[in-house]
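Since this is a predicted model, take the numbers as computed values, not measurements. In what follows, chains carry the letters A, B, and so on, assigned in the order in which the sequence lines appear, proteins first and then strands, with residues in each chain numbered from 1.
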Amino acid sequence: MSESSTPIIVPSGAGPRGAAHDELLDGLNPQQREAVEYRGQALLIVAGAGSGKTRVLTHRIASLLRSREAWPSQILAITFTNKAAGEMRERVEQLVGDSARGMWISTFHSACVRILRREAEQFGFTKAFTIYDSGDSRALIKRLVKEHEADALGLTPASVQSRISKLKNELADADSYARDANMNDPAERMFVDLFSDYQRQLQRANAFDFDDLIAQTVYLFRAFPDVADVYRKRFRHILVDEYQDTNHAQYALIHELTRPVQSSVDAGGGMLALMDEQDGASLTVVGDSDQSIYAFRGADIRNISEFERDFPGAKVVLLEQNYRSTQNILTAANSVIRNNFDRKDKRLWSDQGDGEKVVGFTGYSQHDEAQFVADEIEQLRRKGVDYGQMAVFYRTNSQSRALEEIFIRSAVPYKIMGGTKFYERQEIKDALAYLVSVANPADEMALRRIINKPRRGIGDVTVETISGFAEREGITFRDALGRYAELGLGPKLQGAVAQLHNVLAEASEILLPSSGEAPPPTSVAEGLQVLLNKTGYLDALRASRDPQDEARVENLDELVAVTREFARNNPEGTVLDFLTEVALVADSDDLDDESGSVSLMTLHTAKGLEFDTVFLTGVEEDLIPHRISAGEPGGPQEERRLFYVGITRARKRLYLSLAMTRAQFGEVSAAMPSRFLQEIPAEIIHWRQSPGDVNSRGGTQSRALNARRPRDRWGNTQQLPPGGGLKPKSTAMDRFPGMVTNKVRDNGDLELAAGDRIRHEDFGEGRVDAVTGEGPKRIAHVRFDSAGSKKLLIKIAPITKL
DNA sequence: TGCTTCTATTTTTTT
DNA sequence: AATAGAAGCA
């Protein structure tokens, strides 16, 4: 690439990289240094798991800033999660101090929202646009599918949604799709109709869905080169983390941003004084194709594997030394990932020594497995390992239930990352829909959601009446509410509509004062409370006899607390800023890590994190690799990468566990050990209880237990125990002294003291060593005669005092 | 319109 | 097993 004829914005080029840099390079290995110091248009850092890539990235940024090669405002760093962004910002701040302020360090999505809020007016949106999460867009699609009666053609809301999402990630729209589709097929025609209708509705509601945030930004840049140039001139150094997980739209966005700027400089008086070409921004990407686990949402591994082709002259740096894990853990990881063909061979190594062996365990049921995990956690805790340094991973969110149940009973403090998100709860979505209805009156979806919550007697019929009126008059649905007297409704309904309208108007005055003054920081909390109280939403919940509604009230209290917290952190923040944050911040980004608890999360959420001790549970066929992945192209390989990601999160101790039977859909079925287990060399696994142990033949072959299930899928029923039948038939149960049944009770008032003897339904008799905690959280520390020491939550443990 | 009851479906992963 | 949606009835 040609040298840039450096224009105004770029600070004077690099001075000799001397003394000032040394401390930034301290403690880095030669490859890491190279990655920090390289200066050029394009740099690919192939960073194996635990190879210190965040360190390299932050030091690279710091190095650019310190040498005055870049101002903070010229740096754009993109990560995949808000949490990663926050961490990166913090670490850069540690290196360079306050000057980190002006940098953009954010996710693709938040960066795009920021750009779109500024530029929305360019193409038919307002800056008050709302962001539809997948639930919102599913609701909209569902309505459209119904209206078009598309189900008759075999189109379900779910399938339509995922197809639209995939297409958007490929930057296709309804028109471009229609050009290549077989339009003789009525189902295809219908899909195209739905797609374009969906897009029309979004536009009308002044809303973007998740995929639009990226795709529409690309569209904006392509349609308005002047706008794009503003950002191209501004961002001179772009850094992208987890590049292997970018999809086509994200790739295109990066491409647009790194284009050379071909712009005229306005010399004043409308005269174009000189044409100036400036090189595109320098691009640094970091990634590891072995950790690509988001193909299902359009991530294209080719973005990284063809980087050198896309950016000719790109420099590639390989980081293979792992600073995180012991050699045994790395050996396990390497020997698993090796089985993926079509990958560049890469071997992580460590100089930390072998460390402990990987521990394997096979439980009878998922409860049994969970009990093993809980016991092991307690034992490690007694040895001084912090709860916060232990994590439990699983493939699917539903697996967290059994773990949670046992953890509660065993008084293991835990937190679940991700999963059913706070912001996806009904009552929270309702409350947010109220805020949206005020902030973005064009959003009919939000209004429809809350128009009859709480019950106002406004049903489908009335909604359609209002909608029809709005259409005839050419006004928005929201405005139609304001003209309640003209809707031709009965007096009761008219009153209900009028009341809703008035509350919305009142909240609007608080949140977006018509005087044009900036609302005070407390306005969001205030507005929300007005909406919840004066609409009667809270009253309805309080009056309800559904016990769940009590929890809903608490959740709403918490939401109000969140708005207050938001106001503290963002004194200038408006209701729009609040809604944006809520839409884009996943629960896994929860920044206040309660360091005193064990983290539970899916393997996907685990990416990018690390823990001293990792429990990888449910290592079974049909779970990992997941059954559904088998049919998908590249599915099994992606599952293997996912397993690999899980293994490489562990620093010192890795546990792999599975269960012989697993309950799913309310039915218990036999489970088989995952094929991935066999890929790990036997000598580095120490099986506390191997699948072979539980196999009635006592063989080493991995087979499912012949549990007393009539529907054992191999048709086996019972077999003789290894000993040849001297003892009565051994059932699998004999081998599980710690097996757990599924009973929960309430012994809220059971009084226990040290020295008491108790009987536990699963663990037998034992002696109480100590009682700690208060009230409903009282915990008994019990030494059982046969099952060892355990902590039990007295309130719910199945125990009786003897 | 709203409540109750019955039925069908779900669980792959997420910004 | 749990829940959301549909259908049926008041």
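- Applying the 3.5 Å distance criterion, the base of B:dT12 shares no donor-acceptor pair with the side chain of A:His626.
- At the heavy-atom level, A:Thr462 lies under 4.0 Å from the strands shown only through sugar-phosphate atoms.
- Heavy atoms of A:Phe80 sit under 4.0 angstrom from primed sugar atoms or phosphate atoms, though from no base atom.
- A:Arg662 comes within contact range of no nucleotide atom at all, as no heavy-atom separation falls under 4.0 Å.
- A:Asp212 comes within contact range of no nucleotide atom at all, as no heavy-atom separation falls under 4.0 Å.
- The interatomic distance linking A:Met601 (CE) with B:dT14 (P) rounds to 11 Å, in whole Å.
- Checked against B:dT15, B:dT13, B:dT11, the side chain of A:Phe665 finds its nearest nucleotide in B:dT11.
- Considering only the side chain of A:Lys146, C:dA6 comes nearest among C:dA6, B:dT11, B:dT15.
- Listed nucleotides B:dT11, B:dT15, B:dT1 differ in distance to A:Val461; the shortest reach to its side chain belongs to B:dT1.
- Here A:Lys142 lies in heavy-atom contact (under 4.0 Å) with sugar-phosphate atoms only.
- Under the 30°/60° scheme for interplanar angles, the aromatic rings of A:Tyr294 and A:His604 are found to be tilted.
- Across all strands shown, A:Ser398 has heavy atoms under 4.0 Å from base atoms, whether or not it also approaches the sugar-phosphate.
- Neither side chain, A:Asp300 nor A:Tyr251, offers a donor N or O lying under 3.5 Å from an acceptor on the other.
- We find that CG of A:Leu493 is positioned 9 Å from C1' of B:dT1, with the value rounded to whole Å.
- Map A:His604 and A:Asp460 each onto its nearest nucleotide of DNA chain B; the residue landing nearer the 5' end is A:Asp460.
- The side chain of A:Asn397 lies closest to B:dT13 when the candidates are B:dT11, B:dT15, B:dT13.
- For A:Thr602, a side-chain nitrogen or oxygen approaches OP1 or OP2 of B:dT14 to under 4.0 Å.
- Nearest nucleotide to the A:Arg401 side chain, out of B:dT13, C:dA2, B:dT15: C:dA2.
- Rounded to an integer number of Å, the gap from CZ of A:Arg143 to C1' of C:dG5 is 18 Å.
- As rounded to whole Å, 14 Å separates atom C1' of B:dT15 from atom CG of A:Asp136.
- A:Arg395 has its CZ atom 13 Å from the P atom of B:dT11, to the nearest Å.
- Exactly one residue among A:Arg138, A:His148, A:Met445 makes a side-chain contact (heavy atoms from CB on, under 4.5 Å) with A:Arg143. That residue is A:Met445.
- A residue-by-residue look at A:Gly457 and A:Ser629 shows that A:Gly457 has its nearest nucleotide of DNA chain B further toward the 5' end.
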*A:Phe676/A:Tyr644 under ring pair (Phe, Tyr, Trp, His ring centres under 6.0 Å): CA gap, chis, key distance, verdict*: CA-CA 10 Å; A:Phe676 298 150; A:Tyr644 171 81; over 10 Å; no
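- When heavy atoms are screened at a 4.0 angstrom cut-off, A:Arg455 is found touching the sugar-phosphate backbone but no base atom.
- Using modelled atom types and a 3.5 Å distance limit, the side chains of A:Ser289 and A:Gln244 yield no donor-acceptor pair.
- Side-chain N/O atoms of A:Arg627 and base N/O atoms of B:dT12 include no donor-acceptor pair closer than 3.5 Å.
- For the pair A:Arg138 CZ and C:dA4 P, the computed distance is 11 Å after rounding to whole Å.
- A:Gln250 places its CD atom 8 Å from the C1' atom of B:dT15, with the value rounded to the nearest Å.
- Annotation: A:Tyr219, atom OH; neighbour count of heavy atoms from other residues, nucleotides and ligands within 6.0 Å does not exceed 12.
- Between the C1' atom of B:dT1 and the CG atom of A:Asn452 lies a distance of 9 Å, rounded to the nearest Å.
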